[in-house]
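Worksheet for the structure shown next.
By convention in this document, chain letters (A, B, ...) are assigned in the order of the sequence lines, proteins followed by strands, and residues within each chain are numbered from 1.
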Amino acid sequence: MNLRVFNSLSGTKEEFVPLEGNRVRMYVCGVTVYDYCHVGHARAAVVFDTIFRYLKHKGFDPCFVRNFTDIDDKIIMRAQESGIPWQEVTRKFIDAFYEDMGQLNIAAPTVEPKATDHIPEMIAMIRTLVEKGIAYESGGDVFYSIQKFPDYGRLSGKKTDDLRAGARVDVNESKRDPLDFALWKKSKPGEPFWESPWGPGRPGWHIECSAMSSRYLGETFDIHGGGKDLIFPHHENEIAQSCGCSGKQPVRYWIHNGFVNIDQEKMSKSLGNFFTIRDIYKQFHPESLRLFLLSNHYRSPIDFSRQNLEEAEKVLTRFYEALGGAAETQDPTAPLSGLDPEVRAHPLWGKFAEAMDDDFNTAVVLAHLNEELRALNKSLADACSGVTARRQAAVSAGTLRRVGGVIGLFQQDPAEFKKQIFAIRSQTLDVDVEKIESLITSRNSARKARQWADADRFRDELIRMGVALEDTPNGTEWKLK
RNA sequence: GGCGCCGUCGCCAAGUGGUAAGGCAGAGGUCUGCAAAACCUUUAUCGGCGGUUCGAAUCCGCCCGGCGCCUCCA
C-alpha cells in the first residue's frame, strides 16, 4: 500500500513518492535555543519523530535533518539580560533540549546542524542572491527583494498586495518594499558578528534553513516539516531564497503540524500560557505526554489539559499492566519460543500500516492498539487455563510492543514503568510505604479471620491515602491512584 | 480588513458521498467475602437552516459559535 501525505503546498493528500528510489530527504525546523522547550515543541518533535520512524519501518532510507537555531535576537537578548555569553545560553538550552526530548523517546535525526556552523554557506547563498539581483545591500543589511520572486505567497496562500494592506510589517527605511526580509543583519556594537562582504553582521533567521537544507539534502529534497506557525513567513521566505539561488523548487512535500492549545487558545510564549516539558514531567510520565500527542491527528489542534493528560496516562498504564501480565504468564517450565513468525504475521500490522499510510493517522492507530489490548487481556484471563491462551497472550503482547515501537510507544520494561509512575506520584502524594504495607498486612489478617468489617476499614483508610488495592492470586498488590 | 481552519455521544477523538473507529466517564452483568483489575453488554445521525444527489457528518450556500495566520513563535 502506498503512503499518502497531506502537502501544504497543494492543500491535498498526495501519494508520496521520493525523488530518488528509497531515499527520503527530510528537513524539519528545530528550535531556537534561548529557553526550555514547551509542549508545542514537544508536539512538533513527536510528530516528525513518528514520521521519521514510520518511513524507516516502511522500508525507506530517510536522511533526516533537524537544525538548531543558535543565533538570533532572542538569544542575544537572553544573553544580555542574564550576563551570560550567548554561546553558553545556547549550549545550556541545547543540553536541556536533549534531556527533555530524550525522555519523550525522540530518536536522533541523521544530522543536527547548528546555524552558527554554517555561516559561510549562508554568506555564499546571500552573495549569489545579490549577484542575481534578487537581493540588495542597504547600509550593511542585506534584504531579499520580494518583487523578484513572482511565486511569493504560494505556500501560505497570501497575495503580496493583501500583505502590504495588512501592513503590520516593520517600517524600515532601508527596505525597498516593506515585505522584503533580512538575509543579513548588520551587527550593533556589542553584538556577536561574523565578517561578510557587507561588513560585520549575522544571518537573518530564514537563510539558515535554506543553507543547511541544501548543504545536506541538495537543491531539491522530499519533505520539509515544521509547525503551522512557520508557514508564513519562515517557510515562504525559505522557498524564495532557495528557489532564487537554484532556480528550482526546493521542497516537494511540505508537512505542517497543528498547534497545542490551552483553553482553545494557541500555546505560545507571547501569550504566556505555555507549559515547559520539564514542568509536565514533574507530574506525568513522559510517555503519557507522547501518547497524548499521538492521540490526535498531527494536523489538528490539540487541547492540552490536566484531564487529557491524566486520561492518556491511564490508557498508557493499562497497556503496561497488560504487557507486564503477559511477561508473567511466560511460565519457565513451558518456554514459549518461535513467536516471531506469529508476531510478524499478526493482523494488527495491516491495520497499523493502513492508518499510517493515510497521512500518518496515529489516532486510528491508537484505536487498533486498544482493540488488541482488549484481546490481550482476554488471553491473559484465560492464560492460567492453558498453553494456547498463554501463547496467544505472548503473541499479542509481542505484537503490541513491536507495533507500538514504530511510533515510539511501549518500549520500557513494564516493571520499570510501574516504578517510574510510582516515583512521580509519590512526589505529589507524600506516601509512607511502611504504613501502607502495615495496613495491608492488618487487612489481610482480618480477611483471613473473615472479619470483613475490619478488613474494609483498613482498606478505606488506604483509599483515603490514595492507595488502590488489588487482591490477586499472588497476593495483594497496591498502587497509587 | 485579507486569507484559512474548526464545531461528531457528558468529556477526549477518528471518519470527507453509501446510513457513525477508539478512549475516558456512566449504567447493567461475570468474577470477588465485598471491592479492585479484567472481560461482556449498553449510550450519538454528526452547530442551525436551505440546496445538490438514488444517497451527505462528509459537496455547495447562508447563518450561529470558536480559533489561527497576516509580527517572533513548533
Side-chain angles (χ1 to χ4, degrees), chain A residues 11 13 28-32 34-35 37-48 69 72-74 77 153 156-159 161-170 179 205 225-234 236 256-261 263-271 274 291-292 295-297 299-303 305 307-315 317-318 321-322 325 351 355 358 361-371 373-382 446-447 450-453 455-456 459-460 463 468-472 476-479 481:
Chain A
K13 280 185 203 170
V28 172
C29 290
V31 293
T32 302
Y34 72 104
D35 206 346
C37 290
H38 65 224
V39 183
H41 299 114
R43 184 176 199 191
V46 166
V47 163
F48 291 103
T69 298
D72 103 314
D73 292 355
K74 290 184 296 277
M77 214 194 307
S156 54
K158 295 184 186 306
K159 298 185 192 80
D161 288 345
D162 294 341
L163 286 168
R164 286 195 194 89
R168 280 208 276 167
V169 195
D170 266 350
L179 296 184
W205 174 35
K228 271 195 162 95
D229 46 359
L230 297 182
I231 293 175
F232 191 90
H234 185 54
E236 198 72 72
H256 292 100
N257 66 273
F259 298 135
V260 175
N261 290 161
D263 297 328
Q264 327 266 24
E265 267 188 329
K266 176 182 169 183
M267 178 184 291
S268 76
K269 296 267 165 126
S270 42
L271 285 169
F274 63 94
L291 181 84
F292 165 66
S295 67
N296 290 46
H297 186 86
R299 281 191 281 118
S300 311
I302 185 168
D303 213 50
S305 70
Q307 191 192 331
N308 288 345
L309 260 195
E310 276 170 359
E311 198 179 298
E313 190 149 286
K314 211 178 284 183
V315 171
T317 304
R318 244 166 80 79
E321 281 178 354
K351 298 180 200 166
D358 185 15
N361 198 333
T362 52
V364 167
V365 170
L366 255 333
H368 295 317
L369 292 176
N370 265 302
E371 278 161 358
L373 171 62
R374 214 184 312 140
L376 168 58
N377 274 325
K378 229 177 284 184
S379 309
L380 241 29
D382 299 338
R447 289 175 69 214
R450 307 182 69 82
Q451 287 164 343
W452 308 124
D456 290 349
R459 184 172 58 198
D460 288 344
I463 289 170
L469 294 185
E470 208 169 312
D471 297 323
T472 77
T476 300
E477 293 180 7
W478 65 276
K479 63 180 175 182
K481 254 283 180 217

Next item on the list: Calculate the interatomic distance between A/Gln264 atom CD and B/G66 atom P; express it in whole Å.
Entry: 10 Å

Margin query: My understanding is that a pair needs two contacts under 3.5 Å, Watson-Crick or G-U wobble. By that rule, which nucleotide pairs with B/C39?
Written below: B/G29

Check: Reckon A/Arg318 has a side-chain N or O less than 4.0 Å from the OP1 or OP2 of B/A38?
Finding: yes

Item checked: Short side-chain N/O contact from A/Lys378 to OP1 or OP2 of B/C40, under 4.0 Å -> yes

Item checked: Note: A/Lys13-A/Asp358 ion pair, threshold 4.0 Å (strictly below) -> yes

Next item on the list: Please say whether the positively charged group of A/Lys269, taken as NZ for Lys or CZ for Arg, lies over the ring of A/Tyr34, i.e. under 6.0 angstrom from the six-membered ring centre and within 45 degrees of the axis.
Entry: yes

Next item on the list: Whole angstrom is fine here: how far is it from CG in A/Asn257 over to P in B/C5?
Entry: 17 Å

Check: Within the pair A/Arg450 and B/C34, is there a side-chain N or O less than 4.0 Å away from OP1 or OP2?
Finding: no

Check: Looking at the side chain of A/Ala44, which of B/A74, B/C70, B/C12 is the nearest nucleotide?
Finding: B/A74

Next item on the list: Could you check if a side-chain atom of A/Leu163 sits within less than 4.5 angstrom of a side-chain atom of A/Phe232, using non-hydrogen atoms only?
Entry: yes

Margin query: So, OP1 or OP2 of B/C70: does either fall under 4.0 Å of a side-chain N or O from A/Lys159?
Written below: no

Margin query: Between the base of B/C34 and the side chain of A/Arg459, is there a donor and acceptor pair under 3.5 angstrom?
Written below: yes

Next item on the list: Indicate whether OP1 or OP2 belonging to B/A14 is found under 4.0 Å from a side-chain N or O atom of A/Ser300.
Entry: yes

Item checked: For B/G7, the Watson-Crick or wobble partner whose two distances fall under 3.5 Å -> B/C64

Next item on the list: Can you tell me the distance, in whole Å, between the CG atom of A/Asp382 and the C1' atom of B/C40?
Entry: 13 Å

Note to self: Return the pairing partner of B/C59 with a 3.5 Å limit on both distances, Watson-Crick or G-U wobble; otherwise return none.
What the structure shows: B/G51

